[in-house]
Undergrad: 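If you scroll down you'll find the structure; I have some questions about it.
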Amino acid sequence: MRPLPSASHNLVVQYPELLKIADPLNITQRTAYPYTRMSDAVVSSYDIYTKLARAAYCGAKVSSWTCGAACMAVPNMTVYATGGDDMDTPDWYVGYVPMLESAVVAHQGTTLTALKSILVDLSLGLVPLNSALFPGVQNSVRVHRGFAEAHSRSAKAIQSAVEKIMSDHRVTKVATIGHSLGGAIALLDAVYLKLVLPKLTTIKVVTYGQPRVGNAAFANYVDQNISEVTRVTNKADPNPILPGRFLGYVHSSGEAHIVNNTAWYSCQGHDNTADPYCTAGVVPNLLYGDSADHAGPYDGITLGIGACTA
């Protein structure tokens, strides 16, 4: 059995209230699916998305793409829209990346402290998707109310900016990206944009340290309607095991788990418990989570404000 993390990195010590929304410490709900190691070339292909996620932390200077090292790491970006208040609505931006020939929507992450305040409010339970934003989606498809509300505050502005990029550059690709809470919103962006953009639009989702967003019906809906979803999880980061499965939350497919700084594994299925190759196996409960792994590194790139040097 692996050693427990130090008290300073253990969420049970830091935030004992998280226990009421986490999987029980004696959880027996384990399903190990196949997993395969990802090639170095495939791992490296995610670096551009990680850099875009990192830039979302850089505040107002993102609008002019003058945020220092984080912005310089993605040259020739054209930013079309920004928003958020760094509080209830995480900062976000929409831009065009020539090397990807794609519109990009990126959402800032949040600290584990701020995310905890959203997650532990049990009044923010699973709710149906807003029919005004998600027409035709069945009521059985449910998501965390707090995530849905955060998404709704930026959805229309993001749609407008994406449509402008698609028109200006004649592209049909959109990537939605985010870390932590930003990853949850990015996944909801993908589901929303798939419904409102032209049918030939292809949507790619890349998230980092993303919490569970909805129930099994939502996970299945994502699997059936969004063909490219990669949910990168790092070592013993506890964030991806929240909220707990006993509350009805389930991850969609697409986990890419970092076992160490050089080895990434593709984990099939929902909440794959293969140990040590997938998060639900590595972190069966919060006692084994290490909050130091939440920011990365993700193929050598750490997420947060550290690269916002201007």
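Side-chain atoms are counted along with the backbone in the values below, which use heavy atoms only and exclude waters and symmetry mates.
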Undergrad: Only counting residues at least two apart or in another chain, list the ones meeting side-chain hydrogen bond (donor to acceptor under 3.5 Å, both in side chains) with Thr89.
TA: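 Only Arg153 meet the side-chain hydrogen bond (donor to acceptor under 3.5 Å, both in side chains) criterion with Thr89.
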Undergrad: What distance do Asp47 atom CG and Ile301 atom CD1 have between them, rounded to the nearest 0.5 Å?
TA: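 If we round to the nearest 0.5 Å, Asp47:CG and Ile301:CD1 are 4.5 Å apart.
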Undergrad: So, for Ile258 and Asn260, which heavy atoms are closest and what is the spacing to 0.1 Å?
TA: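 Heavy atoms only, the tightest pair is CG2-O, 2.7 Å.
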Undergrad: Please name the residue in the list His251, Arg245, Arg212 that meets the side-chain hydrogen bond (donor to acceptor under 3.5 Å, both in side chains) test with Asp271.
TA: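 So the option named by the test is Arg212.
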Undergrad: Report the relative orientation of the aromatic rings in Tyr265 and Tyr277; use parallel for angles under 30°, tilted for 30 to 60°, perpendicular for over 60°.
TA: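 The rings of Tyr265 and Tyr277 sit tilted, inter-plane angle from 30° to 60°.
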Undergrad: What pairs of donor and acceptor atoms, side-chain ones from residues 155-164 against any protein atom, are under 3.5 angstrom apart with sequence neighbours left out?
TA:
residue	atom	partner	partner atom	Å
Gln159	OE1	Tyr192	OH	2.3
Gln159	NE2	Glu163	OE2	3.0
Lys164	NZ	Asp168	OD1	3.3

Undergrad: Verify the cluster assignment for Leu303 and Val43: are they in a single hydrophobic cluster under the rule of side-chain heavy atoms below 4.5 Å apart?
TA: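 Yes, Leu303 and Val43 fall within the same hydrophobic cluster.
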Undergrad: How long is the straight-line distance from OG of Ser227 back to NZ of Lys204, given to the nearest 0.5 Å?
TA: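 Lys204 atom NZ to Ser227 atom OG measures 9.0 Å (nearest 0.5 Å).
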Undergrad: Side chains of Asp299 and Ser44: does their closest heavy-atom pair fall under 4.5 Å?
TA: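 Asp299 vs Ser44: side chains touch.
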Undergrad: For Asn272, does its backbone N or O pair with a side-chain atom of Glu255 as donor and acceptor, under 3.5 Å?
TA: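 Flag not set: sc Glu255 to bb Asn272 has no pair under 3.5 Å.
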Undergrad: Side chain of Arg142, backbone of Asn139: donor and acceptor closer than 3.5 Å?
TA: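 Checked: pair present.
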Undergrad: Establish, from distance only, whether the side-chain atoms of His151 and Asn130 form a donor-acceptor pair under 3.5 Å.
TA: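 Absent: no donor and acceptor within the cut-off.
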Undergrad: Closest approach of Val74 and Leu52, non-hydrogen atoms and distance?
TA: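 Nearest pair, atom of Val74 first, then Leu52: CG1-CD2, 3.9 Å.
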Undergrad: Over all heavy atoms of both residues, which pair between Asp91 and Gly59 is shortest? Give the atoms and the distance, please.
TA: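 Looking at all heavy atoms of both residues, the closest pair is OD2-CA, 4.0 Å.
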Undergrad: Applying side-chain hydrogen bond (donor to acceptor under 3.5 Å, both in side chains) as the test, list every pair that has at least one member in residues 94-109; sequence neighbours left out.
TA: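 Listed once each, the pairs are Asp86-Gln108, His107-Asp189.
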Undergrad: Given Cys58 and Cys67, is the disulfide (SG to SG under 2.5 Å) satisfied, shown in steps?
TA: CA-CA 6 Å; Cys58 295; Cys67 62; 3.8 Å; no
Undergrad: Could you tell me if the side chain of Asp290 sits less than 4.5 Å from the side chain of Lys235, heavy atoms only?
TA: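 No; the side chains remain at least 4.5 Å from each other.
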Undergrad: To the nearest 0.5 angstrom, please state how far the CE atom of Met99 sits from the CD1 atom of Ile48.
TA: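 Atom-to-atom, Met99:CE and Ile48:CD1 are 4.5 Å apart.
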Undergrad: Can you tell if the side chain of Val229 reaches within under 4.5 Å of the side chain of Val222, non-hydrogen atoms only?
TA: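 Yes - at least one pair of side-chain heavy atoms lies under 4.5 Å apart.
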Undergrad: So, does Asp223 use its side chain to make a donor-acceptor pair with the main chain of Ser253 at under 3.5 Å?
TA: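 The answer is yes, because a donor-acceptor pair under 3.5 Å joins these two groups.
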Undergrad: Can you say whether the rings of His169 and Tyr80 are parallel (under 30°), tilted (30 to 60°) or perpendicular (over 60°)?
TA: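 Geometry flag for Tyr80 against His169: perpendicular rings.
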Undergrad: Assigning hydrophobic clusters by single linkage (Ile, Leu, Val, Met, Phe, Trp, Tyr; side-chain heavy-atom cutoff under 4.5 Å), is Val94 placed with Val196?
TA: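 Hydrophobic grouping puts Val94 with Val196.
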Undergrad: Under the 3.5 angstrom rule, does the side chain of Lys173 hit a backbone N or O of Leu100 as a donor-acceptor pair?
TA: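 Confirmed, Lys173 side chain pairs with Leu100 backbone.
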Undergrad: Do Glu228 and Thr230 pass the side-chain contact (heavy atoms from CB on, under 4.5 Å) test, and can you show the C-alpha distance, the side-chain angles, and the key distance before you say yes or no?
TA: CA-CA 7 Å; Glu228 291 188 77; Thr230 302; over 6 Å; no
Undergrad: Donor-acceptor pair, distance only, cut-off 3.5 Å: does the side chain of Asp293 make one with the backbone of Ala236?
TA: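 Yes.
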Undergrad: Compare all side-chain heavy atoms of Val191 with those of Phe218 and state whether any distance is below 4.5 angstrom.
TA: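 Yes - at least one pair of side-chain heavy atoms lies under 4.5 Å apart.
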Undergrad: Between Tyr298 and Asn234, is any pair of side-chain heavy atoms under 4.5 Å apart?
TA: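 Yes, side chains in contact.
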Undergrad: Determine, using the 4.5 Å side-chain heavy-atom cutoff (strictly less than), whether Leu188 and Val250 are members of one ILVMFWY cluster.
TA: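 No, Leu188 does not connect to Val250 through the hydrophobic network.
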Undergrad: Could you tell me whether Leu195 atom CG has more than 12 heavy atoms of other residues or ligands within 6.0 Å of it?
TA: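 Check passes, neighbour count above 12.
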Undergrad: Locate the shortest heavy-atom distance separating Leu286 from Pro238; write the atom from each residue and the value.
TA: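 Leu286 and Pro238 have their closest heavy atoms at CD2-CB, 3.9 Å.
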Undergrad: With side chains defined as the heavy atoms from C-beta onward, is the minimum distance between His294 and Ser180 less than 4.5 Å?
TA: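 Counting from C-beta outward, His294 and Ser180 do come under 4.5 Å.
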Undergrad: At their closest point, which heavy atom of Pro243 faces which heavy atom of Tyr249, and how far apart are they?
TA: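 Closest pair (atom of Pro243, atom of Tyr249, distance): CB-CD1, 3.5 Å.
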Undergrad: So, taking the atom named CD1 in Ile185 and the one named OG in Ser154, what distance separates them when rounded to the nearest 0.5 Å?
TA: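 Reported to 0.5 Å precision, the distance equals 6.0 Å.
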Undergrad: Hydrophobic clusters here meaning ILVMFWY residues chained together by side-chain heavy-atom distances under 4.5 Å, can you tell me if Leu126 and Leu247 are in one?
TA: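 Yes, one cluster joins them.
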Undergrad: Could you report the tightest heavy-atom contact between Tyr208 and Ile177, atom names first, then the distance?
TA: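 Taking Tyr208 first and Ile177 second, the nearest heavy atoms are CE1-CG2, 4.2 Å.
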Undergrad: Do any pairs count as a side-chain hydrogen bond (donor to acceptor under 3.5 Å, both in side chains) and have a residue in residues 63-74, sequence neighbours left out, and if so which ones?
TA: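 Residue pairs with at least one partner in residues 63-74: Ser64-Thr66.
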Undergrad: Contact between Leu129 and Val143 at the side-chain level, heavy atoms closer than 4.5 Å - yes or no?
TA: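 In contact.
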Undergrad: Using the side-chain contact (heavy atoms from CB on, under 4.5 Å) rule, take Arg231 and Leu187 through it: C-alpha gap first, then chi angles, then the decisive distance, then the call.
TA: CA-CA 10 Å; Arg231 179 173 53 83; Leu187 185 60; over 6 Å; no
Undergrad: If you define the side chain from C-beta out and look only at heavy atoms, does anything of Ile305 sit under 4.5 Å from Arg54?
TA: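 No; the side chains remain at least 4.5 Å from each other.
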Undergrad: Quick check for you: to the nearest 0.5 Å, what is the distance between Gln138 atom CD and Tyr221 atom OH?
TA: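 So the CD of Gln138 and the OH of Tyr221 are separated by 9.5 Å.
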Undergrad: Output the distance between atom CE (Met77) and atom SG (Cys71), rounded to the nearest 0.5 Å.
TA: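 With rounding to 0.5 Å, CE (Met77) is 8.0 Å from SG (Cys71).
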Undergrad: Tell me the disulfide bond (SG atoms under 2.5 Å apart) pairs involving residues 141-191, sequence neighbours left out?
TA: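 Sorted pair list comes back empty.
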Undergrad: For Ser252, give me all partners under side-chain hydrogen bond (donor to acceptor under 3.5 Å, both in side chains), at least two apart in sequence or on another chain.
TA: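 If we apply the side-chain hydrogen bond (donor to acceptor under 3.5 Å, both in side chains) test to Ser252, skipping adjacent residues, there are no hits.
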Undergrad: Identify whether Tyr46 and Tyr35 are in the same connected component of the hydrophobic contact network (ILVMFWY, side-chain heavy atoms under 4.5 Å).
TA: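 Unlinked, Tyr46 and Tyr35 end up in two clusters.
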Undergrad: Does a donor on one side chain and an acceptor on the other come within less than 3.5 Å for His179 and Tyr57?
TA: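 A pair is found: one side chain offers a donor N or O, the other an acceptor, under 3.5 Å apart.
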